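Shown next, in structure tokens, is the structure this report addresses.
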Amino acid sequence: MRVARKVLTLLPLTLVLGCGTDFTPPSAIEGLRVLAVRQGDGAITPGSRVKLSMLLADKRIIGHSDTDPPLELNVAWLAGCNNPPGRQYFACLPAIRELAAALGDGSAPPAGVAGKFGMGTDFEVAIPEDILTTAPLVPHDPIHYGVSYVFFVACTGTPGFDPSITEGIPVTCTTAEGKTVGTSGMVVGFTTLYTYDGEQNTDPLLTALDFDGEEMPATLVDHPATSCTTDDDCAPPSGTSFRHPRRCTLDTRTCAPVIGACGSGDDCPEIRVTPRIDTQSVERYTDGYEVMWASYYATSGALKEDARLVVDRSAGLTGDPTTLWKIPGTKSTSRIWVTVNDQRGGATWGFFDVAVE
Amino acid sequence: MVLGARMLLCLFVGASTLVAFPAFAEPPSEQPSVPGSLASSKSVTPPELVKGDEPEYPASARAERSEPTIVLSLSIDEQGAVTSVEVVESAGPGFDDAMVAVAKRFTFKPAHRGEKAVRSKVLYKHQFRAPPVDVPPAPPPPPKLAGQARIAETRQPLVGARVIILQGERQLLELVTDAKGAFETSALAPGAYVVRVEAAGFEAFSANEELKAGEELGVTYQLVAADEEGVTTVVVRGVRPSREVTRRTISRHELSRVPGTNGDAFRAIQNLPGVARTPALSGQLVVRGNADQSTPVFVDGLWLPTIYHFGGLSSVVPTEMLDEVNFYPGNFSVRYGRALAGVVDAHLRETRADGKYHGMGQLDFIDARVMAEGPIPGAKGWNFIGGLRRSHVDAWLVPLLSGNDTSIQAAPVYYDYQLIADTRPTSKSYLRIGFLGYDDRFRAIDATSANSGTIEAASASLGIGTIYQVALSSQTSAELTMSVARSHQHFVFGNVNFDTVATGVLGRGEISYKLTPRSTLRTGYDVLFAPYTSTARLPIAAGSSAPDIGGGAAVPSRSVDHEGTFFVPAAYAELAMQPGRPTQIVSGVRVDYSFESTRVDVSPRMTARYDVRPGPRRTTLKGGSGLFYQQPGLLNVLFSDDPQKLRSPRSWQNSLGVEQVITDHLTFSLEGFYNLLDDLIVQNVNQNGVLEYSNQGTGRVVGAEVMLRYAEDERFFGWVSYTLSRSERTNGPGQSSELFYLDQPQILTLLGSVMLGKGWELGTRFRYVTGNLYTPCLGGIFSSTQTSYVCIQGPTNSKRLPPFHQLDVRIDKRFRLGDVDLGIYLDIINVYNRENPDVMANNFNYTQHAPASASFPFIPSLGVRVEF
């Protein structure tokens, strides 16, 4: 009852009074960010191998052409924590600290940590055979499950062990020039893998991204956007036209709609951004729906919402998950990402570029 | 030669005197000269008294105290012994014998002729001195009876009342109270009396008083207004001896006028010492550093599970229905239980029973309410009071939420309704039956965040209750209270869901028996019986001392579907004694039994008060100590794998203080408290790696409260309250102590309301509170499953926000339009619009933080009220 009362009482507070802070919204990409980790296409079962794929957002790519030197970017994975005490991530930290120590200064892959360490945006992790039998039977769990935590460090340099860090993961990021990268260029995080006893989770299915009501040549999971070399590669099929003309961006080599820059002022137009989600991927429980939400990110402009609920636990589909993107004031290429997650770790994503001129 | 001899004689006399009485401070007796006894030649040395006792003053002469002189002729031999004593001049009967007896034992240095000791004869004169008189102790001054008669309802002096003093059936004295309601007399002898106070329009009041020699007895009598028929009524809420260390009472008028509360009765309690400031609309009641829900709220002794609509907007019982609210911050009577900290007991008011119909209507920015009161047609002696209230928050909240792209499916509305009927079946009994109910509903779907979704709140309760009070005899009274209520609590917030339906029976009964004029025994029972069904789906917890794990739908849930019964009967006994007039000791024991956990909790408690200086300006020392238990809550029962193993959290409360009545209206109180908590229910990971509830938590709260209060009179009421305290918790063995999350070391409140005349009333309230604690975030770690960062916490509750301070002002204007009173008020919250920080807000990845406010901004609340 106490939790209920607290939630009830905080409700009008959050809705009416607000917090009154001016922090940068999470939808604004201003450096390196990890937007999502996809947990493979297959089922997560005892003894299975799960392929983890990471979606990174790196603002440095904007304005970076393929003739420029490659951007320094590394991702390290630290795995091997299964069914920790209390089933919480922080109980893994002592073991992860030991794993991190094996990183050393990052100049060479750590030794003796087979299966627990990897580099790159993809990583394969083994689920132990006894993940369910060693998981405690907890009263009031709706379903018995085992939990595995995989930690990662993504940075615009080389990750290395830093014993002076006592809280969290003791890793820092250092550029080739030896400079330490700050929080804008490094993300430390973890992904949680649930092995359910007798149930599997299905990832959300994102079929397309619409911009101003028109389907974009977006990159989707397992469906990269067609690259281009000239504007002609982006012309509409014969006999058709695009709502916004498209051209080939020099920095991302993708076809992007062209939008005029807004200039100064707050009255910049807003354009609809809509993820099209296959409703067949919406899963149901006996007492409701699996929650699903879409998160939005952009390297410029402003998004009206950082996220929208796609499927509510009680009500199901909430309607149109469209958000609004306010056109930026200056000329640039802008990348817009949409990720769609469900509450059991399922994820999918897509992104496209907009040429602001 | 004769002269020379006489000179020698004088010398002899003087010398003998000095020698004869070396140890006495009395004036020396004289040794008269005896002609012819002296040595006739210069070689004769007269005898010299060496040792002699003072004669005893005859007892027979003590009363007369005469001081006669006796002259003896003493014959002295060669050894200096007295051989014969002859009375030459008698001093009178008794004196002669006394003197002769001691003279015979005189020892002289014998007379000498040359070197040879010779026999001699001397005259010896002695004046008797009367012994000092034993002054008997002065008789003690007569006892003084001094007192004041007041009107119970308003505490105003009762002028012109007759004060009749009887002994047995015999009237000894009659006094009349003066312009201040005061009376006094010193004309009574020590003893036992009956003091009876009579005044037209008031119930006669009698008291047994005992007067002691040399003492002043100060008394204050409160008389209750009689109804029109002059029927004697049971004093339902008269002044009673204290059963607790501290009771703070706020009257209805004060409740309705505290600035910044919109006249809400229970929000006014936050202004009393020992009560923490909680965020606006939180609905929490945090007393003496204890968690919310450790201080239950009762209405006429029956537990009120839900105090506010929607958690904090407005109380479910309108202020107009209440007579007063009593707040016990701790060390309260065994009458109350299932509380770890304090108790709030509000009393519904009686109907006016003046044979007239009355009505009231009020409209403010939150709700509209109407009330009616009067006699029930066709039911002689019965009166009713009924009320209905409906919110209109939806009128402004819906457009606001819709503007935020939130779909409102059921606008937030609350109702509450009351219908009460009461009567006085006999001159010594009172009966009330009432219906009380409320209904809150709200439903919306907020799709603008990943963590919201369906927001649904429904809370409803409907109950019927009755209270019966009766004076069975001059020594015995009884009170029975019972209610039956059905309650439904339902809320949904995205992935979180909670639904409970309960049908509760609450019963309470108490018999009070006056064993002697100075001792009263009270016994009673207090039963809660509530079958319930409950379903819940809540996110898993990380543990009581665990780091943050973030939120959102991706945090796994635990769910429960449970039927059970809360059956908690309790019985208590309490003995109140006044060994002496200035001393009162109340000791009691309460036994609670929980059928859910099959446990017995025994709570012995004791309080004492001692009037160091009795009288109207009394100085009272007070103190108390006792055990207090609170049974595990619903969530503990629902989500524990074995609720029976959970014990009731316990508090050992200790307090010591002083009260000083400065004037009729002004009192000062200072109280220190020291509470130890144990068996607190916490969640820790057990040896199997599973989070479980256990009684491993402990705590300690220490502090002091000061209050200077001006009790309301026809012009003013107000108080200054200050609390200094520290509250700590430990969440398990081996874990370090941390400050309680709502530890507020300093709380200062100054408030007052003054009648300016011509219907104007102005009230202000200023509060200063130490800033809230928060746990700093040292950084963030990204959870891809939750698509958000999780705070990497520093030491728990190790930082403090800037302090809170706020000024609220209330202005009332009353117009009298014939028989109708029209009132307009403006209650301005946060006059200087301070953005008080309530929480430390962080940006999405915990690289930035800034204080954020959850308190009200400047809000002027206008209200209009009509009543007749």
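Throughout, a chain's letter reflects where its sequence line sits, starting with A, and its residues are numbered from 1. All of these numbers come straight from a predicted model, not from anything done at the bench.
- Taking 4.0 Å as the cut-off between side-chain N and carboxylate O, R313(A) and D287(A) count as a salt-bridged pair.
- If you measure heavy-atom distances from A541(B) to chain A, the contacts under 4.5 Å come from the backbone alone.
- Taking V690(B), N495(B), V555(B) one by one and counting their heavy-atom pairs under 4.5 Å with chain A, the maximum is reached by N495(B).
- Neither the backbone nor the side chain of S534(B) comes within contact range of chain A, judged by heavy atoms closer than 4.5 Å.
- Both the backbone and the side chain of T191(A) come within less than 4.5 Å of a heavy atom in chain B.
- T192(A) touches chain B through backbone and side chain together, each having a heavy atom under 4.5 Å away.
- Within the 4.5 angstrom heavy-atom criterion, only backbone atoms of P25(A) (N, CA, C, O) approach chain B.
- Interface residue A315(A): backbone and side-chain heavy atoms are both found under 4.5 Å from chain B.
- Shown here for V501(B) and H488(B), the closest heavy-atom pair between the two residues is CG2-CD2, 3.4 Å.
- A donor-acceptor contact closer than 3.5 angstrom links the side chains of N845(B) and N843(B).
- To the nearest 0.5 Å, the span separating CD on E692(B) from CD1 on I681(B) amounts to 12.0 Å.
- Using a 4.5 Å cut-off between heavy atoms, F152(A) touches chain B through its side chain atoms alone.
- Between the side chains of S544(B) and Q683(B), not a single donor N or O lies within less than 3.5 Å of an accepting N or O.
- Of the two parts of Y149(A), neither the backbone nor the side chain holds a non-hydrogen atom closer than 4.5 Å to a non-hydrogen atom of chain B.
- I540(B) touches chain A through its side chain: at least one heavy atom from C-beta onward sits under 4.5 Å away, while N, CA, C and O do not.
- Comparing L638(B), L691(B), N684(B) by how many heavy-atom pairs each has under 4.5 Å with chain A, the most go to L638(B).
- The closest side-chain donor-acceptor pair between Y145(A) and R87(A) falls under 3.5 angstrom.
- Using a 4.5 Å cut-off between heavy atoms, V291(A) touches chain B through its side chain atoms alone.
- Aromatic ring centroids of Y789(B) and Y846(B) lie 6.0 Å or more apart.
- Aromatic ring pairs are classed by plane angle as parallel below 30°, tilted from 30° to 60° and perpendicular above 60°; the pair Y196(A) and Y194(A) is parallel.
- Listed by chain and residue number, D439(B) satisfy the side chain to side chain donor-acceptor pair (under 3.5 Å) test with R441(B) (two or more places apart in sequence, or in another chain).
- Put simply, of V37(A), T318(A), T323(A), V188(A), the one with the most heavy-atom pairs under 4.5 Å next to chain B is V188(A).
- Both the backbone and the side chain of D641(B) come within less than 4.5 Å of a heavy atom in chain A.
- Only the backbone of D548(B) comes within less than 4.5 Å of a heavy atom of chain A; no side-chain atom from C-beta onward does.
- If you measure heavy-atom distances from S452(B) to chain A, the contacts under 4.5 Å come from the backbone alone.
- Between the side chains of T348(A) and D203(A), no donor-acceptor pair of N or O atoms lies under 3.5 Å.
- Proximity to chain B (any heavy atom under 4.5 Å) is restricted, for F90(A), to the side chain, taken from C-beta onward.
- Side-chain rings of F844(B) and F23(A) stay apart, their centers remaining 6.0 Å or farther from each other.
- If you take CG on D130(A) and CG on N82(A), they are separated by 8.0 Å, rounding to the nearest 0.5 Å.
- Under the 30°/60° scheme for interplanar angles, the aromatic rings of F491(B) and F498(B) are found to lie parallel.
- Chain A forms more heavy-atom pairs under 4.5 Å with one residue of G689(B), S783(B), P547(B) than with any other, namely P547(B).
- Among the candidates G633(B), G543(B), P556(B), G779(B), the residue making the largest number of heavy-atom pairs closer than 4.5 Å to chain A is P556(B).
- In this structure, chain B has no heavy atom under 4.5 Å from any part of D306(A).
- Residue contact with chain A, scored on non-hydrogen atoms closer than 4.5 Å, involves the backbone of Q793(B) exclusively.
- Residue N842(B) touches chain A through its backbone alone, counting heavy-atom pairs closer than 4.5 Å.
- Counting heavy-atom pairs under 4.5 Å between each of V685(B), T847(B), T787(B) and chain A puts T787(B) at the top.
- Within the 4.5 angstrom heavy-atom criterion, only side-chain atoms of P139(A), from C-beta onward, approach chain B.
- Screening L55(A), L35(A), V340(A) against W349(A) for a side-chain contact (heavy atoms from CB on, under 4.5 Å) leaves a single residue, L55(A).
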